[in-house]
Each structure stands twice: as structure tokens, then as C-alpha cells.
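So you know, we letter chains A, B, ... as the sequences are listed, proteins then strands, and number each from 1.
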Amino acid sequence: MDLKLHDTLTRKKRVFKPLDPRNVRMYVCGPTVYDYAHIGNARPVIVFDVLFRLLRHLAKQGVWDKGKDRTKVTYVRNITDVDDKINARAAEEYPLLPLNRAIREVTKKTSRQFHEDVKLLGCLRPSKEPRATKHIAEMKKLISRLILKKRAYILDDHVLFRVKGVRSYGRLSHRSLKYMKSSARGEVAPKLNPLDFVLWKPSKRGEPAWKSPGGIKVRGRPGWHIECSAMSWKYLGREFDIHGGGIDLLFPHHENERAQSCQAFDEAEMAKVWVHNGFLQVEGKKMSKSLGNFVTIHELLQTWPGEVLRLQMLNTHYRQPLDWTNAKMNSAQSELEDWVIRIEKVLGKSIGKSRAKTEVSEGLIKALCADLNTPGALAYLRQSAKRIGDDPKRALSFLCDCEFLGLLNRRNMGLLSREFGGQGQSPDLMIKAFDIYQSFRSKLHNKLPGAKLEFENRIRRLGGEVKYLEDGGVHLIQTDDSVGKIDDLIAKRTEARARKDWIESDRIRDELAKMGVALKDTKDPETGEPKTTWEIAR
RNA sequence: GGCCACGUGGCGGAGUGGUUACGCAACGGUCUGCAAAACCGUGUACCCCGGUUCAAUUCCGGGCGUGGCCUCCA
């Protein structure tokens with residue numbers, strides 16, 4: 001199956017063919033680690049995770065090497081750990097430490113947090129995650145090459161890229177040089193031309209500093225754009241297949257990267273395809289600190305399972321603008337609940353420890369191959385979900401499809417459903433426990449530190465005991481000989497129904513309803529016997 | 001101001017030069033003693049104006065609206 005991707009440079013969808021059929025190479029701009037990542041950062045991470053999964057799948061199918069299944073996929077996502085924002089944050093947060101130590105603390109802490117966050121969003125680790133500070137040598141090599149070619153010049157201990165004369169500058173972001181000249185302003189560094197950008201700048205006292213290239217005496221540090229050129233070069237070569245990132249990085253970041261790399265290596269192109277994801281808004285407005293609508297992933301994971309955000313994001317095509325709303329989180333949550341219920345109705349909770357697998361469905365791959373049409377893929381999944389019925393094969397196939405997209409994980413999906421059971425408990429205990437369960441559900445699912453212990457303690461204080469299920473869900477178990485009041489009442493009602501004593505039957509149902517227990521009458525599919533199940537209605 | 005993207009039913013959101021995804025909500029039905037759940041089915045849309053065409057929501061032009069980048073909150 002051909003994969004089609006929209007290329008920002010040509011503004012066209014094109015069939016993707018790797019330069020090297022043995023190795024598909026993708027580079028995506030990663031986070032600057034100075035603070036919690038927000039949901040705007042989450043979008044490219046999720047989008048390119050899906051693309052990574054798709055590429056690996058197609059590679060395994062042998063799409064690019066005639067069925068030999070020898071293609072590997074190399075996905076590089078950098079970590080920017082040298083940056084003004086990091087310096088500022090470090091000085092603010094650790095005023096007593098030497099700046100360099102403080103910076104290390106900030107970048108260490110923030111990158112660990114980033115990894116925890118995106119893991120909970122169902123994202124796989126990239127093949128390589130290079131850090132800028134470990135690749136200063138490569139950056140300096142690049143800069144020296146550019147100086148040698150007279151593509152860069154030195155001014156006041158800065159090295160600047162000379163944009164004038166680069167024919168294709170502006171082509172990627174579709175901007176004309178002519179206009180940009182008049183609009184550029186407010187620059188910090190000295191420049192011969194306002195369009196030129198910084199490759200290397202002198203460090204202030206206390207800031208991270210390395211020996212400068214080009215014979216500059218004072219120590220300095222790299223500019224932002226050169227990092228990505230250096231790291232993609234080191235791990236993927238002079239020209240590679242896919243360069244990804246948010247549309248907000250298109251100008252100036254990617255335009256400059258492309259100019260540097262192409263000029264340094266005399267390559268016509270840096271990447272074969274440029275893929276950009278659309279911008280994200282929050283409740284119809286731009287997310288900004290001043291508006292106070294800044295939403296971090298970390299904060300969201302306190303109340304929502306990570307998969308819920310992932311599902312909301314995949315419900316919009318990656319190039320479309322995405323309006324993040326609470327309402328959509330709710331609807332994504334219900335949808336996941338529904339899926340888990342359908343799967344477990346057929347496969348049971350024990351699926352959590354099963355290793356059974358099926359091939360990923362063609363329909364799903366087909367949708368993804370059409371420029372990563374995740375809404376189309378989800379439409380396909382919804383159809384599959386409806387068709388599960390009581391067919392275990394379909395249920396397993398559906399589960400595998402969801403797992404492929406990173407939307408479900410069989411070992412940890414029990415808490416996605418609202419179901420919370422317990423045998424032989426009193427309604428009073430169940431209802432109180434259910435409230436606690438509700439408030440801890442996402443925290444438990446996301447395995448937030450301390451959540452499990454606190455949950456267990458609070459249940460214990462009520463007089464219950466927690467039982468963990470194979471799919472990650474929880475139930476209550478009986479701790480004493482207390483009468484199972486709910487079960488009792490249901491049994492009485494079943495008797496009444498058998499007698500056709502509807503008045504008594506409804507009275508019991510009302511009594512339970514008053515306590516917050518909702519009944520559902522079904523038939524056992526095998527025996528045809530009437531069966532009554534219940535759940536806490538809240 | 002320059003450039004770019006987007007504007008689809010009550011809401012969310014795909015896609016297409018002719019047959020109108022998908023989810024939620026709504027409505028109708030099946031099942032049920034009733035209810036709930038489940039299942040089945042139905043309706044409603046392509047911002048406005050002009051052009052190209054046998055035919056446009058889809059292509060082109062203009063307008064309006066929203067958002068983004070240009071300006072270290074991505």
C-alpha cells in the first residue's frame with residue numbers, strides 16, 4: 001500500500017518513497033526543556049508517533065524492499081537543552097546554585113517529566129533522542145564549513161548566516177525575500193542584513209560556554225537553528241526522508257535549518273518531505289500564559305487518562321487547526337469507556353494477561369496511508385467496535401487495532417471503563433467507594449505517584465479491600481461477613497418478578513435507585529435465564 | 001501591513017466534479033411487565049457572490065469571518 005504524505009515545500013500530497021529502502025529516516029523537532037510540556041507540545045509528539053508506528057508497520061510489510069522486511073525506521077527527536085529560556089528558568093529556580101549546575105538540574109528534571117508525560121499519551125520512544133549540548137562539536141563543524149564557503153560571517157564575536165544569495169530561501173515557508181527585508185526588526189544580534197540569523201553567539205558570564213569556531217576568542221554557545229541541522233546530520237545524514245514539526249516552527253526555524261544544511265553540504269534538499277502539524281487552541285482561544293488558559297500535559301493527567309487526550313487529538317486531521325475543549329475530552333472518555341466495555345464483554349478481564357495478537361486491519365492502514373487520516377482511521381475503528389457483537393475474533397482484532405494506534409493497552413484499560421464492582425457489599429459502602437473510585441480513576445490509570453496507596457487507604461477506612469484485576473481495573477472484595485445487601489435485594493426482586501409481582505419488583509428497584517444503584521435486566525445469552533446486573537448511577 | 005491556513009448538519013469531524021463518512025445529540029422502532037441497557041433505522045450540511053462545467057460543497061476569482069506566522073508564551 002502506498003503511503004501518501006502532504007509535503008509543505010511543494011504543498012502537494014505525494015507518494016512516499018524512502019531514499020534508502022533499508023532505512024527510513026525521520027527527524028522531528030523536540031522540546032526545549034525548561035518547563036512542563038503543554039498540550040500544544042503534545043500534538044506533534046502524538047502525530048509523529050502515529051507516523052512512526054505506521055512507517056514501522058509498512059517497513060515490516062516490506063513495502064519498500066519488495067517484501068523482504070528488512071527496512072528499519074530511524075526516528076530522531078532532539079532535546080534542546082541549551083537556550084535562553086532554560087538559563088532564565090535555572091537562575092530563577094535555583095538562585096543559590098552556580099548557573100551551570102542549576103541548568104543541569106532544570107534540564108534533567110524537565111526532560112524526565114517530558115518522557116513520563118508523553119509515555120502516558122501512548123507515545124513510543126524515538127530511536128534516538130540527542131541532546132544539543134552533546135553535539136556542540138557537530139554544530140561547530142557545520143559553522144566552520146559555512147564560514148569557509150563564505151555563507152557565514154563573523155561580527156562582534158557572533159557568527160551569522162548570510163541569507164542574501166541563497167536562492168531558495170523562503171521557498172519552504174512560502175515567503176518572498178523582498179518583503180521580509182522590510183518587516184524584519186527588533187533584532188538583538190549585530191547583523192549586516194536583517195534577514196541574517198545567528199549561528200553562534202558569545203556567552204554571558206556564568207552561562208554555558210564552549211570554545212568558539214572561526215577563530216573567535218571568547219567562548220560562546222550555539223544559536224537555536226543550528227542544533228537541528230547538526231543532529232539530523234549526525235544521525236540521519238546530509239539528506240533524509242521526513243522532517244516534521246509544528247507549523248509554528250516553519251518560519252524561521254525550519255527555513256533556516258534548511259538553508260544551513262543545504263548550503264553546508266551543497267545538497268539540493270535537506271529532507272524529501274516536510275510534514276507540519278496544525279496549531280492548537282484551547283476553548284477557541286490561543287493558549288497563552290496571559291489568558292491563563294495554559295494547559296500542561298502533567299496537569300491534565302491528574303484528571304484524565306492519557307489515552308483520552310490522544311483520542312481527542314487523533315480525531316482531528318493533523319494539518320487542521322485543533323481546538324482543545326473539555327467537552328471533547330468528555331466525549332473521548334465515553335468513547336473509550338464504550339470500547340473497553342465491548343471488548344471485555346466478549347474477551348473478559350483475563351485479556352489483560354493474554355498475548356493473543358492479530359494483524360492490524362487493512363482498513364485502518366488504508367486510512368493512515370492517506371496522509372495520516374486519523375479521523376478516517378477512527379471512523380473505521382468505530383465501525384469495528386459496533387460489529388464486535390459477541391465475536392471474540394472481532395473483539396481481539398479491534399483491540400489490536402486500538403493498541404496499534406496507542407489508544408488502548410490491554411494490561412491497563414480496566415480503569416477506562418466506569419465499571420466498578422464488588423461482591424457482597426452493602427450499597428452504602430459501594431456508593432461511597434464508588435465516589436472515591438471516580439476521583440482516583442484517572443490517577444490510578446496513569447499510575448501517578450502515591451495514588452495507589454492513598455486510594456487503598458481511603459477504601460480501607462470505609463471497611464473495604466481493593467482487588468486488582470488483570471486488565472488494570474479494580475474491584476472491592478469482602479473483608480467481613482457483612483451481608484451482601486445489594487445481591488440480597490436483587491434476589492428478592494428476581495423472585496417477585498417470577499411471581500409477576502410487579503409492584504414489589506418496582507418497589508425494590510426504586511429502593512435501590514434511591515441508594516444510587518441502577519439495575520439492568522438482561523438475559524443470559526446461553527441459558528435464556530433472566531439476569532440482573534447493577535451499577536452505581538452517579 | 002505582508003504571507004499562510006481554515007470556514008461542512010444541533011455539536012464534533014472526514015471526504016468528494018455527479019451517488020452526501022463517522023461519533024455525540026435528536027427522532028422513530030425492536031426487545032422488555034415497565035424502566036434502563038443493547039440493537040436496528042431516520043432526518044438535517046457543505047460561509048456569501050460571481051465564473052468554468054452537462055453537473056461544484058469539491059476547481060478558479062472576489063468578499064466576509066476565524067486563526068496562525070512575521071515579533072524568544074509552540
Side-chain angles (χ1 to χ4, degrees), chain A residues 8 11 29-32 34-35 37-45 83-88 170 173-176 178-188 194-195 198 223-224 245-255 276-281 284-294 311-312 314-317 319-323 325 327-328 330-332 334-335 338-339 341-342 345 367 370-371 373-386 389-390 496-497 499-503 505-506 509-510 513 518-523 525 530 532-535 537:
Chain A
T8 310
R11 307 271 153 139
C29 293
T32 301
Y34 74 103
D35 202 352
H38 53 68
I39 53 178
N41 304 127
R43 172 117 107 141
V45 177
D83 179 271
D84 290 339
K85 278 177 280 191
I86 298 172
N87 300 346
S173 57
H174 292 240
R175 276 154 219 265
S176 84
K178 221 173 165 186
Y179 177 73
M180 281 194 288
K181 262 181 204 166
S182 56
S183 78
R185 60 179 168 140
E187 296 295 345
V188 224
L195 274 181
V198 173
W224 176 37
I247 190 79
D248 48 292
L249 297 179
L250 181 57
F251 189 89
H253 186 53
H254 291 161
E255 193 69 64
H276 288 95
N277 64 271
F279 215 69
L280 178 131
Q281 285 177 265
K285 292 208 174 87
K286 178 175 166 138
M287 181 167 67
S288 72
K289 280 174 182 161
S290 55
L291 281 173
N293 61 353
F294 221 78
L311 179 55
Q312 177 178 165
L314 297 186
N315 205 27
T316 299
H317 185 90
R319 281 191 284 119
Q320 294 286 357
L322 168 65
D323 187 21
T325 66
K328 286 184 197 169
N330 273 315
S331 104
S334 330
E335 195 154 33
D338 178 58
W339 291 356
I341 290 166
R342 282 170 196 271
K345 200 176 96 193
D371 192 27
N373 186 350
T374 53
L378 291 174
Y380 175 84
L381 283 186
R382 287 172 186 134
Q383 290 303 293
S384 309
K386 286 221 154 177
D390 49 13
R497 289 180 70 210
R499 291 195 308 268
K500 294 195 194 294
D501 183 354
W502 309 128
I503 295 171
S505 159
D506 289 352
R509 187 168 65 200
D510 289 347
L519 300 184
K520 287 185 209 174
D521 292 333
T522 53
K523 266 187 188 154
T532 300
T533 60
W534 58 272
E535 60 183 32

Under-4.0 Å side-chain N/O to phosphate OP1/OP2 contact, A:Gln383 with B:rG23: yes
task: Using a cut-off of strictly less than 4.0 Å, decide whether A:Arg342 has a side-chain nitrogen or oxygen near OP1 or OP2 of B:rC39.
output: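 A:Arg342 to B:rC39 OP1/OP2: side-chain N or O found under 4.0 Å.
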Ion pair [X]/[Y], N-O distance below 4.0 Å:
X: A:Glu255; Y: A:Arg175; value: no
X: A:Lys328; Y: A:Asp323; value: no
X: A:Asp338; Y: A:Arg342; value: yes
X: A:Asp371; Y: A:Arg319; value: yes

task: Kindly confirm whether the side-chain ring of A:Trp502 is stacked on the base of B:rG33, judged by centres under 5.5 Å and planes under 30°.
output: yes
Any N or O donor-acceptor pair under 3.5 Å from the base of [N] to the side chain of [X]?
X: A:Thr316; N: B:rG12; result: no
X: A:Asn293; N: B:rC73; result: no
X: A:Asp323; N: B:rG12; result: no

Between [options], spot the one nearest the side chain of [X], thanks.
X: A:Ala379; options: B:rA14, B:rC22, B:rG33; value: B:rC22
X: A:Asn373; options: B:rC69, B:rG15, B:rC73; value: B:rG15
X: A:Arg175; options: B:rC72, B:rC22, B:rC69; value: B:rC69
X: A:Lys328; options: B:rG2, B:rG33, B:rG12; value: B:rG12
X: A:Gln320; options: B:rG23, B:rC34, B:rA14; value: B:rA14

Within this structure, what is the [atom1]-to-[atom2] distance between [X] and [N], rounded to whole angstrom?
X: A:Asp521; N: B:rA35; atom1: CG; atom2: P; answer: 12 Å
X: A:Leu314; N: B:rG13; atom1: CG; atom2: P; answer: 14 Å
X: A:Asp501; N: B:rG33; atom1: CG; atom2: P; answer: 15 Å
X: A:Ile503; N: B:rA35; atom1: CD1; atom2: P; answer: 17 Å
X: A:Asp390; N: B:rC39; atom1: CG; atom2: C1'; answer: 12 Å
X: A:Asp84; N: B:rC72; atom1: CG; atom2: P; answer: 11 Å
X: A:Asp371; N: B:rU16; atom1: CG; atom2: C1'; answer: 16 Å
X: A:Asp338; N: B:rA38; atom1: CG; atom2: P; answer: 7 Å

So what does [X] hit on the nucleic acid, given a heavy-atom distance under 4.0 Å: a base, only sugar-phosphate, or nothing?
X: A:Ser505; value: base
X: A:Leu280; value: base
X: A:Asp83; value: nothing
X: A:Arg11; value: sugar-phosphate
X: A:Tyr380; value: nothing
X: A:Arg43; value: nothing
X: A:Leu519; value: base
X: A:Lys520; value: base
X: A:Arg509; value: base
X: A:His317; value: sugar-phosphate
X: A:Asn315; value: sugar-phosphate

Considering only atom [atom1], compute the distance from [N] to [M] and round it to an integer number of Å.
N: B:rG13; M: B:rA45; atom1: C1'; value: 12 Å
N: B:rC40; M: B:rG7; atom1: C1'; value: 35 Å
N: B:rG1; M: B:rC54; atom1: C1'; value: 44 Å
N: B:rC72; M: B:rU16; atom1: P; value: 37 Å
N: B:rG23; M: B:rA5; atom1: P; value: 32 Å
N: B:rC73; M: B:rA38; atom1: C1'; value: 48 Å
N: B:rG12; M: B:rG18; atom1: P; value: 26 Å
N: B:rG62; M: B:rG2; atom1: P; value: 13 Å

[Y] and [X], any side-chain heavy atoms less than 4.5 Å apart:
X: A:Arg43; Y: A:Phe279; result: no
X: A:Thr532; Y: A:Lys520; result: no
X: A:Thr374; Y: A:Thr316; result: no
X: A:Asn277; Y: A:Ile247; result: no

Parallel, tilted or perpendicular, as decided by the 30° and 60° cut-offs, for the rings of A:Phe294 and A:His38: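 Perpendicular: the ring planes of A:His38 and A:Phe294 meet at over 60°.
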task: Starting from the 5' end of RNA chain B, give me the residue, A:Pro321 or A:His174, whose nearest nucleotide shows up first.
output: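 Whichever sits nearer the 5' end wins; that is A:His174.
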task: Between A:Pro252 and A:Ser288, just flag the one whose closest nucleotide in RNA chain B comes earlier from the 5' side.
output: A:Pro252
Need the pair for [N]. Rule: Watson-Crick or G-U wobble, both distances under 3.5 Å, any strand; none if unpaired.
N: B:rA26; result: B:rU42
N: B:rC6; result: B:rG65
N: B:rC73; result: none

